[in-house]
> 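Handing you a structure now.
When a ligand or atom number is given, it counts from 1 through the structure's own listing order. Along the sequence shown, the residues carry numbers beginning at 1. Bear in mind that the values here come from a model prediction, so they are computed numbers and not experimental data. For the numbers below, each heavy atom of this structure counts, side chains included, while hydrogens, waters and symmetry mates do not.
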Amino acid sequence: MIAEILTPVALDQTYSYHVPDGLALAEGDVVRVPFGPRETAGVVWELREGAGGANLKSVAGLLDAPRLSPALRRFVDWVARYTLAPRGAVLRMALRLPDADRPERIQTGVRIAGPPPARLTPARARVLAAAEGGLVHAKRALAEAAGVSASVIDGLVDEGALEAVGIAPPPIAPRPDPAHRHASLEPGQAAAAASLVADVAARAFSVTLLEGVTGSGKTEVYFEAVAEAVRQGRQSLILMPEIALTGQFLERFERRFGVRPAEWHSGVAGRRRERTFAALASGEALVVAGARSALFLPYRDLGLIVVDEEHEAAYKQDDGVHYHARDMAVVRGQAEAAPVVLASATPSVETRVNAQRGRYKHLRLESRFGGRAMPRLEAIDMRVEGPPRGRWLSPRLIAEMRATLERGEQTLLYLNRRGYAPLTLCRACGHRFQCPNCTAWLVEHRFRRALVCHHCGHVERRPETCPECGAADSLTACGPGVERLAEEVAELFPGFRALVLSSDFPGGTERLRREMEAVAQGEFAIVIGTQLVAKGHNFPFLSLVGVVDADLGLASGDPRAAERTFQILQQVTGRAGRGDAPGRALLQSFQPGHPVLRALLSGDSERFYAEEIRLRQAAGLPPFGRLAALVVSAADRAAAESWARGLARVAEPPPEVMVLGPAEAPIAVVRGRHRFRLLVKTPREFDMQTWLRQWLIRAPKLTGNTRVIVDVDPMSF
Ligand code: ADP
Ligand code: ZN
């Protein structure tokens, strides 16, 4: 037999190996193979009859890792073909290899085994008293309870008073109980849930858009689909854009199902990650809430995929394999013959069009759960009602905040700008602080006393004097960031607790989760946040949202700017009024007549979508046409540009394909690399991938550090 082996490195092809007699292999098995001078892991992609040449190397042995199912292998092939990434690079996301060097760490426990020892010190007596009952106690917990060091316990074990026993770690994901607490759904919810439950019961591929305004109870609805999958003993994957922050979600799941789901994201590390992987491969874990990488796990029997907040840009992976997790979720669902649910209050234009054309089912929840009203939205025209210079909150917003505080309710000020000020300049000479590695201004972070590049992370100290002209006290912060807003809030509302929440939050994810929880408990009067707080969270005491700069984001030249601004503002204003108090949102804008703001203020999202879809269709943009971006970069500007031009010269596009550029990328230099971009636009029915692949074969040879990245379905274009 010959085995075609795919290795988890950035190569597309498989390699042939001889299968030695006595080694029973199946397709999908994870094996060791000789590879150059070393050995590497690989997956049996295909087995076929044959003798092979004399110099064919042999498979060295089987590894103790779960076999990749045919569906998962098809999925890897599909993702690679679609994204133009090497198959091995996609495989790497699906593979976790057993770590032979790391033995399983079993916690030790102890229990009473014999009579007390002859020498009974007070410390020993305390341990024995605490270990009373004959139960197994974790060693560390027992030492803590008795106020002794672990060596006291070891001594008691040595003398036979206690015996050591292994404690198995708690299960990664105990079985959810679909009947733990039945939600009593409202009629609209019940109808939607029934449709999803029927899809899960059908055990066939389907895609459903579950659209409903913020607070309409979409989560409760798709929980019913999860419950049905659990009843069947099949697995559910719930994808979330920012899973590390969704402690609230886990609690909600626990209230409904009695246990928490397994989790899969970058915060799950080490032994826990391995055990989660194994539990999903064996089918022991039935539900996992995960980040986009959870799409590549080797599920034993996947019966449902939910993509929560399907419109989120965070689903697009922008390094390594460039894939969109929402789109690939649909592909995985197809490979597994499982239904896919896309949930959102503000679906992407792509998904909306698919629903309109009947490719996806469309379920809608028209109103908020429990008869709660949608927040009332109003614009504040900053041209006439704006604050004085150097201030960012208008008098009307301040008055509204004051009234909110007096009622004991919370305000959220939304400004999607980290740090203190987006630009720092010298009033004497006009010097601006620029990143040495990127085409970007440095952003002042006052808490850290630093100037920071938001593209490459470059940090430098903020000087006291201007480095250009030497003037003292001339450096001026221009424009607001969340930190600067916090200063204004502290001046206006002394004595009220305010909290700044952005991805700069010190102390990492765990602390951030705790602070979000504190906000939900009503502990802060005012929250000042970036897009981090805009989504998904339920803050029951929050009744007022102030959008500090509703124009931010509309100005960019990106054709997706309107859609993205509409979505984020809809989400953030939707935080208001989810509890008992009615919600209100004030949007500060210099252009309150802008179509995006008009659509928001009138609550007419149908009109917004209709207009947006019309524009996309007229321009042949996704989903009516296909796009790919080719980004050429090099340390040397001329090298990047000339290679990109050489690439463009051999494009030879057929008449229906448009190749635009090369043009300098919107941020021309990042991390010291100059970037040029080519855009490819084709009709929807055109096989773009095949054509791109043929083009790249004709490309000039890459020299030096010149690199090219292919991004199919780019998020910005
Ligand atoms: P969405 O995801 O659509 O924004 P959620 O699912 O978060 O909405 O629901 C909003 C709020 O309403 C949550 O606090 C949720 O617990 C509550 N809720 C929704 N449906 C029900 C229900 N059937 N029974 C009880 N509470 C519900
Ligand atoms: Zn930089």
> Under 4.0 Å, heavy-atom basis, I'd like to know which part of Arg252 is in contact with ligand 1: side chain, backbone, both or neither.
side chain
> So, Ser367 and Arg372: side-chain donor and acceptor under 3.5 Å apart, yes or no?
no
> Run the side-chain donor-acceptor check on residues 452-459: report pairs under 3.5 Å with partners two or more places apart or on a different chain.
unit_1, atom_1, unit_2, atom_2, d
His454, NE2, His445, NE2, 3.0
His458, NE2, Glu460, OE1, 2.7

> Considering the heavy atoms of Asn538, write down every atom of ligand 1 situated less than 4.0 Å from one of them.
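Those qualifying, in numeric order: 13 (C), 14 (O).
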> Could you tell me which residues satisfy side-chain contact (heavy atoms from CB on, under 4.5 Å) with Glu517, sequence neighbours excluded, listed by chain and number?
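In terms of side-chain contact (heavy atoms from CB on, under 4.5 Å), with neighbours along the sequence ignored, Glu517 is linked to Gln248, Glu251, Ala520, Gln521.
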> Just which atoms of ligand 1 are under 4.0 Å from any heavy atom in Ser184?
22 (C), 23 (N), 24 (N)
> Counting only heavy atoms not in Arg407 (residues, nucleotides, ligands), do more than 12 fall under 6.0 Å from its CZ?
yes
> Is the closest N or O pair between Glu186 and ligand 1 shorter than 3.5 Å?
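For ligand 1, there is no N or O atom that lies under 3.5 Å from one belonging to Glu186.
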> Determine, using heavy atoms of Gly212 and all atoms of ligand 1, whether some pair is separated by less than 4.0 Å.
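Gly212 does not count as a contact of ligand 1 under the 4.0 Å cut-off.
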> I'd like to know if the side chain of Ser502 reaches the main chain of Asp504, judged simply by a donor and an acceptor atom lying under 3.5 Å from each other, with no hydrogens or angles considered.
yes
> Based purely on interatomic distance, does Gly217 place a nitrogen or oxygen under 3.5 Å from a nitrogen or oxygen of ligand 1?
yes
> Record the part of Ala343 in heavy-atom contact with ligand 1 below 4.0 Å; permitted values are side chain, backbone, both and neither.
neither
> Begin with the C-alpha distance, continue with both residues' side-chain angles, and end with the deciding distance and a verdict on ring-ring contact (aromatic ring centres under 6.0 Å, His included) for Phe223 and Phe253.
CA-CA 8 Å; Phe223 274 177; Phe253 189 92; 5.5 Å; yes
> When you check the space around the Zn ion (ligand 2), which protein N, O or S atoms turn up under 2.8 Å?
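Protein N/O/S atoms under 2.8 Å of the Zn ion (ligand 2): Cys435 SG, Cys438 SG, Cys453 SG, Cys456 SG.
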> Compute the minimum heavy-atom distance from Arg578 to ligand 1 and say whether it is under 4.0 Å.
yes
> Taking heavy atoms and a distance under 4.0 Å, where does Val213 meet ligand 1: side chain, backbone, both or neither?
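Backbone only.
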> What closest approach, in Å, do Val330 and Phe205 show between heavy atoms, and which atom pair accounts for it?
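Smallest interatomic distance, heavy atoms only, reads O-CE1, 3.4 Å.
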> Heavy atoms only, cut-off 4.0 Å: how does Leu185 contact ligand 1, side chain, backbone, both, or neither?
both
> Has Asn705 got more than 12 heavy atoms of other residues, nucleotides or ligands less than 6.0 Å from its CG?
yes
> Taking only residues two or more places apart in sequence or in another chain, which ones pass side-chain contact (heavy atoms from CB on, under 4.5 Å) with Glu515?
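Glu515 satisfies side-chain contact (heavy atoms from CB on, under 4.5 Å) with Leu499, Leu501, Phe505, Arg511, Ala518, Phe524 once adjacent residues are dropped.
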> Report the C-alpha distance between Glu310 and Thr351 in whole Å, list the side-chain angles of each, state the deciding distance to 0.1 Å, and finish with yes or no for side chain to side chain donor-acceptor pair (under 3.5 Å).
CA-CA 9 Å; Glu310 68 87 29; Thr351 298; 2.8 Å; yes
> Is it possible for you to check whether Arg326 lies under 6.0 Å from the centre of the six-membered ring of Tyr315, through NZ or CZ, and within 45° of that ring's axis?
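Judged by the rule, Arg326 and Tyr315 form no cation-pi pair.
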> Going by distance only, is there an N or O of Arg372 that falls short of 3.5 Å from an N or O of ligand 1?
no
> Which of the atoms in ligand 1, numbered in the order shown and given with their element, are less than 4.0 Å from a heavy-atom of Thr214?
4 (O)
> Mind checking whether Lys218 has an N or O less than 3.5 Å away from an N or O of ligand 1?
yes
> Find out whether Val207 and Arg359 are in side-chain contact, i.e. whether some heavy atom of one side chain is under 4.5 Å from a heavy atom of the other.
no
